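As structure tokens, the structure follows; a few thoughts come after it.
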Amino acid sequence: MSRTPLIAGNWKMHKTVEEAEDFIQGLLPRVYAADGVDVGLCAPFTALTALIDSTRGSRVEVYAQNMHQAESGAFTGEISAGMLAELEVHGAVLGHSERREHFGETDAALAEKVVAALGAELRPILCVGESQAEREGGRMEEKLRTQVTEGLAKVPDEQLGDVVIAYEPIWAIGTGLTASPEQAQEACAYVRSLVAERSAEQAERLRVLYGGSMKPENAAELLALPDCDGGLIGGASLDPESLGAIVDAAG
Ligand code: 13P
């Protein structure tokens, strides 16, 4: 089965509305002709509406970077799946390692968030990945198994392929260190095999992205890996030319 690659820029806490508008005016002509590639921008909440308006009718999808699992309630500062769906957002990044580390995001909460997103017809991009110490201690597979199986625990088998999983080794995020093609392939294939334990058919549909210092210079060899179906890109997604070059590498 052929899976359409997804190249998603994760802006993290970067870009005001005005900066987001400038960026999108640069990106749209740059990716206009890209065929057979989905392009996503994961933007701060404040820039979502402007991006949805300016990307309407284009190939660019807009994602939030977090959401709460409850429909509504006394959760000051949080945003629900329904609120994002109302804006016509396409999906949400869930469980980024920065949220796990700095904001105490747990696998149990993520299990709820993934189903809440699917229930609102949002595409979840569930992030998983090991730290340097876990890799060096031979615990990469154990970490990925926990994060993938717990994060997907509440998703019905027949919907597993609607989830996107981003494999982001923590040691490669924002460090300039990139996983070697062998390391990325091994981990992405392992993530897919974990989903295949529940449904081989859905594992074939599931897109597994690589994230961690992906840039125009290394994108082509990572995106050519059999189990890597795209990228989640931080630093290199802040400039339309650089994100555009990564989209080209996926096409
Ligand atoms: P960098 O591309 O800056 O390493 O960030 C990766 C990332 O965390 C994307 O979610």
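Remember, it's 1-based here, ligands and their atoms both numbered in the order they're listed. Source: prediction; values computed, not measured. For this chain, numbers begin at 1 and follow the sequence in order.
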Worksheet item: Heavy-atom contacts under 4.0 Å between Leu232 and ligand 1: side chain, backbone, both, or neither?
Response: both

Response to the item:
Short version for Ala172: what comes under 4.0 Å of ligand 1, heavy atoms counted, is backbone

Worksheet entry | pair Leu94-Gln65: side-chain heavy atoms closer than 4.5 Å | no

Discussion item. Can you confirm, on distance only, whether ligand 1 has an N/O atom lying under 3.5 Å from any N/O atom belonging to Thr175?
Written reply: no

Discussion item. Does any N or O of ligand 1 fall below 3.5 Å from an N or O anywhere on Ser213, backbone included?
Written reply: yes

Practice prompt. Give a yes or no on whether Leu87 and Tyr63 share a hydrophobic cluster (residues Ile, Leu, Val, Met, Phe, Trp, Tyr; joining criterion: side-chain heavy atoms under 4.5 Å apart).
Written response: no

contact_flag [X] ligand 1 heavy-atom lt 4.0 Å:
| X | value |
| --- | --- |
| Gly211 | no |
| Gly174 | yes |
| Lys215 | no |

Would you call [X] and [Y] a salt bridge, taking side-chain N to carboxylate O under 4.0 Å as the test?
| X | Y | value |
| --- | --- | --- |
| Arg192 | Asp229 | yes |
| Arg139 | Glu134 | no |
| Lys15 | Asp22 | no |

Worksheet item: Any chance the side chains of Glu168 and His96 put a donor and an acceptor closer than 3.5 Å?
Response: yes

Around [atom], find the nearest protein heavy atom and jot down its residue, atom name and distance.
| atom | answer |
| --- | --- |
| atom 3 (O) of ligand 1 | Gly235 N, 2.8 Å |
| atom 2 (O) of ligand 1 | Gly234 N, 2.9 Å |
| atom 9 (C) of ligand 1 | Glu168 OE2, 2.9 Å |

Practice prompt. Go through Arg145 and Glu197 one step at a time and tell me if the salt bridge (charged side-chain N to carboxylate O under 4.0 Å, His left out) criterion holds.
Written response: CA-CA 11 Å; Arg145 174 174 288 278; Glu197 289 177 10; 2.8 Å; yes

